[in-house]
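The block underneath contains the structure these notes are about, expressed in C-alpha cells.
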Amino acid sequence: MHTEGIDAWKKPSGIEKGKTPKIMGIYLRGKTWWISYFAGGRQRFESSRSTKKRDARQLLDIRKGAAREGRLGLAKSNTFRFDEYARSFLLTVQHPNTKKRYGSSVRNLAACLGNIKLSDITSDVIEDFKEKRLSNGIRTATVNRDLAVLRRMMRLAKRKMLINESPFRDVEFLEERKQRRRPHILTFEEEERVLAVAAPHIRALAVLILETGMRSSREALSLPWSDVDLVNDLIHVRESKTKAGERTIPISDRCKIELLRWRSLLGPEFSSYVFPNMRKPSTPLKDIRRSWAKAVKEAGLQYFWIYDLRHTLASRLTQAGVSPLFVAQIIGHSGTSILSTYVRAVDEYRRDAIHKLERLRDAHASAQERIQKRPRAIN
C-alpha cells in the first residue's frame, strides 16, 4: 500500500485534546485514491472515488478546512454493534409484512457479519458478504434484497450520526435479469387440463386468480367471504403486499359461478374464509404447494408456480385489448397519481376489462367448436 505523507497542521484553539482530527495521508487502494485521518480517537478512511491523486488531495484539503472550522461531522458513538442496532431498526418498521421481509434479511446479514461494529462495516465487508452468499448458491435477487435492507440501515445510521458515511457509496448491486425466471403463461387448453384434475379447493383458487389476478397467499387464501360481494359482483382486497394492492375487483360470471359452487360444497356456515383450513375452519388455508403440484403433474404439465396465473391474466387482458395501465390496476400494481382523481372512470374501465376477457374466452370456445364440427377428410 503506497502512502504519501503530508505536512502536519496545527491544532486549532478551543478544541479538546484527542478530539481534533489529524490527517495522516493519502494512499492508493487498487486504482482508487483514499485519504486516512484520525477523528474522535479513531483512524478514519475515506475513498476519493477517483483514480486521480489530485482529487484525493482536494478531498483532504476539504476535510482539513472542515476540521479547523469544527464542521467535520463525527459520529456520536463508535460502540454500536450490528445486532443491537438491527433490533432497534426493526422496531421502526410498522407494516407487519415489511417487518417480516426485513427480519429475514437481518438474519441473513447477522449470520455473515456477526456482531460487527457499525463503523467497521466497509465496502470490503459488504463485498465479502456478497461473495459468501453467492458461493452458498443464493440467488442474486435474494442477495440484493439483503443489500437493500443493509443500505437502508446504514443510511439511517448516518442520519442519526452513528456512522460518518454509508459504505454503499462504493458498492454495486448484483445483476438480476439473467437469473430471472420467465413466467409460464397458460394456454386455454392447459387451463382446462389443470382444472379437470384439480382438487375442488385448488380449482376454485385457480379460477379466482385467473379471473381477478389476486396474489395467491396474501390475497386469495386469506380472503373472507365478507369481502366477496356476489350481489354487485365485486371482491374487496383489504390486505395486500402493497398499498396499490388494496383494491376492488369486478368479478366475471365464470368466477362468480365457481365461487358459488365452492361455497355450496363447503356449506355456508363452515367458515368465514373462502379457503379455510379444513382442520381448523376459523383460520385460513396457508399452504397449497403440494395440492397445486399434484394438479399440475396429473395434468401432464411441467411444474410452474400458481403465481403464474396472475401473469396469465395480465397476458390475456393485454391480448384482449385492455390498456396496460388498467391491467396494472386490476392485478394490484401501482399506477399514476391521476388515477385517484377519476375513481369512477377507473372502476368502469376495470369492469369493461373483465367483459373483454369474457368475450375473448367465448371467441376461443366458439373457434374450438367450429374445428370439432368440421367434416373430416375421407382418405
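For the single chain, residues carry numbers from 1 onward in sequence order.
Leu313 approaches Ile209 most closely through the heavy-atom pair CD2-O, 4.2 Å. Residues Ser271 and Pro281 approach most closely at OG-O, 2.5 Å, considering heavy atoms. Shown here for Glu298 and Val197, the closest heavy-atom pair between the two residues is OE1-O, 3.7 Å. The shortest non-hydrogen separation linking Arg238 to Asp227 is NE-OD1, 2.7 Å. Across every non-hydrogen atom of Leu147 and Phe168, the tightest pair is O-CZ, 3.5 Å. Among all heavy-atom pairs drawn from Phe304 and Leu309, the shortest one is CE1-CD2, 4.3 Å.
With a 4.5 Å cut-off on side-chain heavy atoms, Lys117 and Phe82 do not count as touching. Side-chain atoms of Leu208 and Cys255, non-hydrogen and from C-beta on, do get closer than 4.5 Å to each other. At a threshold of 4.5 Å between non-hydrogen side-chain atoms, the residues Tyr303 and Lys297 do not count as touching.
Between the Asn232 side chain and the Leu234 main chain, no donor and acceptor come within less than 3.5 Å of each other. Within the 3.5 Å criterion, the main-chain N or O of Leu174 finds a donor-acceptor partner in the side chain of Asn144. A side-chain donor-acceptor contact under 3.5 Å links Asn136 to the backbone of Lys132. One N or O on the side chain of Arg193 and one on the backbone of Ala299 form a donor-acceptor pair closer than 3.5 Å. Between the side chain of Ser105 and the backbone N or O of Tyr102 there is no donor-acceptor pair closer than 3.5 Å.
In the hydrophobic clustering of this structure, Ile116 groups with Val149; members are Ile, Leu, Val, Met, Phe, Trp, Tyr whose side-chain heavy atoms approach within less than 4.5 Å, directly or through other members.
No more than 12 heavy atoms of other residues, nucleotides or ligands lie within 6.0 Å of CD in Glu269, so this atom counts as exposed by the packing criterion. In the displayed structure, Arg261 atom CZ is contacted under 6.0 Å by more than 12 heavy atoms of other residues, nucleotides or ligands. The environment of CD in Glu246 is crowded: more than 12 heavy-atom neighbours from other residues, nucleotides or ligands sit within 6.0 Å.
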Task: Pair Trp292-Tyr307, ring pair (Phe, Tyr, Trp, His ring centres under 6.0 Å): steps then yes or no - done: CA-CA 11 Å; Trp292 172 250; Tyr307 194 88; over 10 Å; no

- [ ] Walk me through it: do Glu172 and Lys130 pass the test salt bridge (charged side-chain N to carboxylate O under 4.0 Å, His left out)?
- [x] CA-CA 10 Å; Glu172 294 184 357; Lys130 289 160 62 175; over 6 Å; no

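Remark: Arg359 engages no residue in a side-chain hydrogen bond (donor to acceptor under 3.5 Å, both in side chains) (not counting sequence neighbours). The salt bridge (charged side-chain N to carboxylate O under 4.0 Å, His left out) search around Glu191 returns Arg254, Arg316, not counting sequence neighbours.
Between Glu165 atom CD and Thr122 atom OG1 the span is 14.0 Å, to the nearest 0.5 Å. Considering CG of Leu186 and CG of Asp308, their distance stands at 8.0 Å, rounded to 0.5 Å. If you take CG on Asp146 and CG on Leu109, they are separated by 5.0 Å, rounding to the nearest 0.5 Å. Of the inter-residue distances, the one linking Ser166 atom OG with Leu156 atom CG reads 11.0 Å to the nearest 0.5 angstrom. Interatomic distance, OG of Ser217 versus CZ of Arg289, reported as 10.0 Å (0.5 Å rounding).
A cation-pi arrangement is absent between Arg203 and Trp262, since the terminal nitrogen or guanidinium carbon is not both under 6.0 Å from the aromatic centre and inside a 45° cone about the axis.
Between Phe275 and His201, the ring center distance fails the sub-6.0 Å criterion.
In the model, Ser240 has no side-chain atom that pairs as donor or acceptor with a side-chain atom of Arg218 under 3.5 Å.
In this structure, Arg81 does not pair ionically with Asp83, as no charged nitrogen and carboxylate oxygen lie closer than 4.0 Å.
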